[in-house]
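What follows is a set of notes on a single structure, which appears directly below.
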2 protein chains.
Amino acid sequence: MEDQADVEMLGRTELFRGAPVDLLRDIQRAAFRKRFSAGDTVLQQGDAAATVYIVVAGRLRATQTTLDGQQVIIRYLGPGEVAGYAALAGGETFPGAVIAVDDCHLIGWSATAIQELMARHAGIAINVVKLLGARYLDIQVRLRELSTEKVERRIAHTILRLAQQAGRRTVRGIEIVFPLSRQDLAEMSGTTLHTVSRTLSAWEERGIVACGRRRVVVAKPPLLEAIAEEPD
Amino acid sequence: MEDQADVEMLGRTELFRGAPVDLLRDIQRAAFRKRFSAGDTVLQQGDAAATVYIVVAGRLRATQTTLDGQQVIIRYLGPGEVAGYAALAGGETFPGAVIAVDDCHLIGWSATAIQELMARHAGIAINVVKLLGARYLDIQVRLRELSTEKVERRIAHTILRLAQQAGRRTVRGIEIVFPLSRQDLAEMSGTTLHTVSRTLSAWEERGIVACGRRRVVVAKPPLLEAIAEEPD
DNA sequence: CTGGTTTATTGCGCCAGCGCAAAGATGCCC
DNA sequence: GGGCATCTTTGCGCTGGCGCAATAAACCAG
């Protein structure tokens, strides 16, 4: 039965880990499912923070856009992860957008439902604390990289991080499993697509990476790590 | 009685807001007090995340330092705010350091005590969620600024933010109440002290700011806001 | 297969901001 | 009040990486 599978899946997410089975069943009953196609907007920047999602399948991108249209990618999220922190933390509106990169399958709850859940079950609130703590840590590190490192190192770090969280071993090396353009890498590394393109070309020359249209494969991780760590 | 005053103070912090008085009393009894002089290290990067503090008086700086000694300032914190998130979120070690900028007076708890408190009182866990959510929001915005804005705008944003959270109205304008060097501003804006110095000199010329040794006063906030918002 | 769209590459010139270095200002401690 | 440490200013030259622009390659739809 599908619901049963759902319950097991929920029990493995960062949000509901450790919850007793009967609670998971309640949670599952309160949820709704939703599918999105690649490119769809799941959460819109500025909209009321009324929904929280967990990713069942597919890959999403959290971004933040300025008034003048400049965009940065805050992070990518995959199966088991949470989209819509603002709704957890009691924010009024979403500070950024979440876009489907692949075709995606999500499970969602209303903000009020989740907040009530947290109020009734401290364990879930603590899961949220851990999850936000982990995100805060990640983003601190990126802030430091952005402030102190030169572009090449930043791009290297960005790719290594993506390979870590969404890499698949292949004969050619570690392939990032979702489509990732030069522009995307630029928006994660705080640079321009031109500089990313030039950098990747140079690396390709040296056999460190292999890339195609919206594809990146890390052929020689140790060399890329060396670049990421070498001082300016 | 001093304890009574403490309890009231705790009830107004972001961490314990909304807790019933008798719980606050328990919390207060479990706490220890500690004083630090300007320049002292309160939490050391890499140390076991075993303590959480609330600032009673004074001002602190949260930083993160790289292996090669480069430093960024994550944020400043003042009265009522929490130092040592890692201990709340169940992290192993502190990802950054916290340093006293002024002479400071703090109240602290062991990580285990606070975690037990969260587990027993969902309201407190929810306060932590809100607090981490707010920090995450702040840092997202800074990440975007750092990625997309030119230095002058970034410095303007940095100063405006500091004026917002630690500004005092005076005849000369809004004064940032704690000592703040050019180097500090550089480490918050992702630039060098030289560029900060040059920029502030130019602004001083135009009467937008007035500054001295480790002092910054925003004389004409609207003009500074204009700089912060003007497109590149 | 064709035409159109999106994505990637690369040459070229320029300039914002860095890094160095040296001098100057300010505050503190004895 | 004098000496010292810390902090700030400013000139100068250089360069990393941006921005533009034009071309090329890959993909898609019909």
Side-chain angles (χ1 to χ4, degrees), chain A residues 37-39 61 68-73 99 101 145-156 158-159 176 178-206 209-217 227 230-232, chain B residues 37-39 61 68-73 99 101-103 145-156 158-159 176 178-206 209-217 227 230-232:
Chain A
S37 307
R61 166 174 49 220
D68 53 318
Q70 298 225 69
Q71 196 176 82
V72 299
I73 297 177
I99 313 270
V101 175
E145 286 177 8
L146 211 47
S147 304
T148 63
E149 294 178 357
K150 290 227 170 68
V151 239
E152 191 180 19
R153 282 185 74 181
R154 297 207 304 266
I155 298 172
T158 301
I159 291 178
I176 290 166
F178 56 88
L180 180 72
S181 70
R182 307 290 180 272
Q183 176 70 38
D184 295 336
L185 278 170
E187 287 175 9
M188 293 200 81
S189 316
T191 179
T192 61
L193 80 162
H194 307 277
T195 300
V196 171
S197 180
R198 280 183 256 265
T199 306
L200 287 190
S201 295
W203 288 349
E204 196 145 26
E205 200 100 346
R206 295 169 57 193
V209 297
C211 24
R213 190 190 171 87
R214 308 224 280 160
R215 279 295 136 201
V216 179
V217 181
I227 291 171
E230 82 197 355
D232 295 327
Chain B
S37 307
R61 166 175 49 220
D68 52 317
Q70 299 225 66
Q71 196 175 82
V72 299
I73 297 177
I99 313 269
V101 174
D102 285 325
D103 290 354
E145 286 176 7
L146 211 47
S147 303
T148 64
E149 295 178 357
K150 289 228 173 68
V151 240
E152 191 180 18
R153 281 185 75 180
R154 297 207 304 266
I155 299 171
T158 300
I159 292 179
I176 291 167
F178 56 88
L180 180 73
S181 70
R182 306 291 180 271
Q183 176 71 38
D184 296 336
L185 278 170
E187 287 175 9
M188 293 200 80
S189 315
T191 179
T192 61
L193 80 162
H194 306 276
T195 299
V196 171
S197 180
R198 280 183 256 266
T199 306
L200 286 190
S201 295
W203 289 347
E204 196 147 27
E205 199 100 345
R206 295 169 57 192
V209 297
C211 24
R213 190 190 172 87
R214 307 225 281 160
R215 279 294 136 202
V216 178
V217 181
I227 291 171
E230 82 196 355
D232 295 326

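Note on naming: letters A, B, ... go to the chains in the order of the sequence lines (proteins, then strands), and numbering restarts at 1 for each one.
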**OP:** Round to a whole Å and report the spacing from CD of B/Glu204 to P of C/dA25.
**Re:** 14 Å

**OP:** Take atom CD of B/Glu152 and atom C1' of C/dC15, then tell me their distance rounded to the nearest Å.
**Re:** 15 Å

Original post:
Between B/Leu193 (CG) and C/dG19 (C1'), how many Å, whole number?
Top reply: 11 Å

Subject >> B/Asp103 (side chain) donor-acceptor with B/Ala38 (main chain) under 3.5 angstrom >> reply: yes

Original post:
Side-chain N or O of B/Thr195 less than 4.0 angstrom from OP1 or OP2 on C/dG17?
Top reply: no

**OP:** Look at A/Ser181 and C/dT7 and indicate whether a side-chain polar atom (N or O) is within less than 4.0 Å of OP1 or OP2.
**Re:** no

Subject >> Rounded interatomic separation in angstrom, taking CD from A/Glu187 and P from C/dT7 >> reply: 11 Å

Original post:
Taking only N and O in the side chain of B/Arg182, is any of them less than 4.0 Å away from OP1 or OP2 of D/dT8?
Top reply: yes

Subject >> Residue-phosphate contact under 4.0 Å: B/Thr192 side-chain N/O, C/dC18 OP1/OP2 >> reply: yes

Original post:
Any side-chain heavy atom of B/Trp203 within less than 4.5 Å of one from B/Ile159?
Top reply: yes

**OP:** Would you kindly give the CD-to-C1' distance between A/Gln183 and C/dA8, to the nearest whole Å?
**Re:** 12 Å

Original post:
When only distance counts, do a donor and an acceptor, one from the side chain of A/Arg198 and one from the base of D/dG19, lie under 3.5 Å apart?
Top reply: yes

Subject >> Any B/Thr191 side-chain nitrogen or oxygen under 4.0 Å from OP1 or OP2 of C/dC18 >> reply: yes

Original post:
Checking only heavy atoms, does the side chain of A/His194 share a donor-acceptor pair with the base of C/dT10 at less than 3.5 Å?
Top reply: yes

Original post:
Does the A/Gln71 side chain pair with the main chain of A/Glu187, one donor and one acceptor, at a distance under 3.5 Å?
Top reply: no

Original post:
Got a donor-acceptor pair under 3.5 Å from the side chain of B/Arg213 to the base of D/dT6?
Top reply: yes

Original post:
Does any N or O donor sit under 3.5 Å from an N or O acceptor when you compare the side chain of B/Arg214 with the base of D/dT6?
Top reply: no

Original post:
Taking atom C1' of D/dC7 as reference, at what distance in whole Å does atom CG of B/Leu180 sit?
Top reply: 12 Å

Original post:
Hey, does the side chain of A/Arg154 reach the backbone of A/Ser189 with a donor-acceptor pair shorter than 3.5 angstrom?
Top reply: yes

Donor-acceptor list for residues 193-202 of chain B side chains, cut-off 3.5 Å, not counting sequence neighbours:
unit_1, atom_1, unit_2, atom_2, d
B/Thr195, OG1, B/Thr192, OG1, 3.2
B/Thr199, OG1, B/Thr195, O, 2.7
B/Ser201, OG, B/Ser197, O, 2.9

Original post:
Whole-Å distance between D/dT10 P and B/Glu205 CD?
Top reply: 8 Å

**OP:** Using whole Å, report how far CD1 of B/Ile155 lies from C1' of C/dG17.
**Re:** 10 Å

Subject >> side-chain N/O B/Ser201 vs D/dT10 OP1/OP2, d < 4.0 Å >> reply: yes

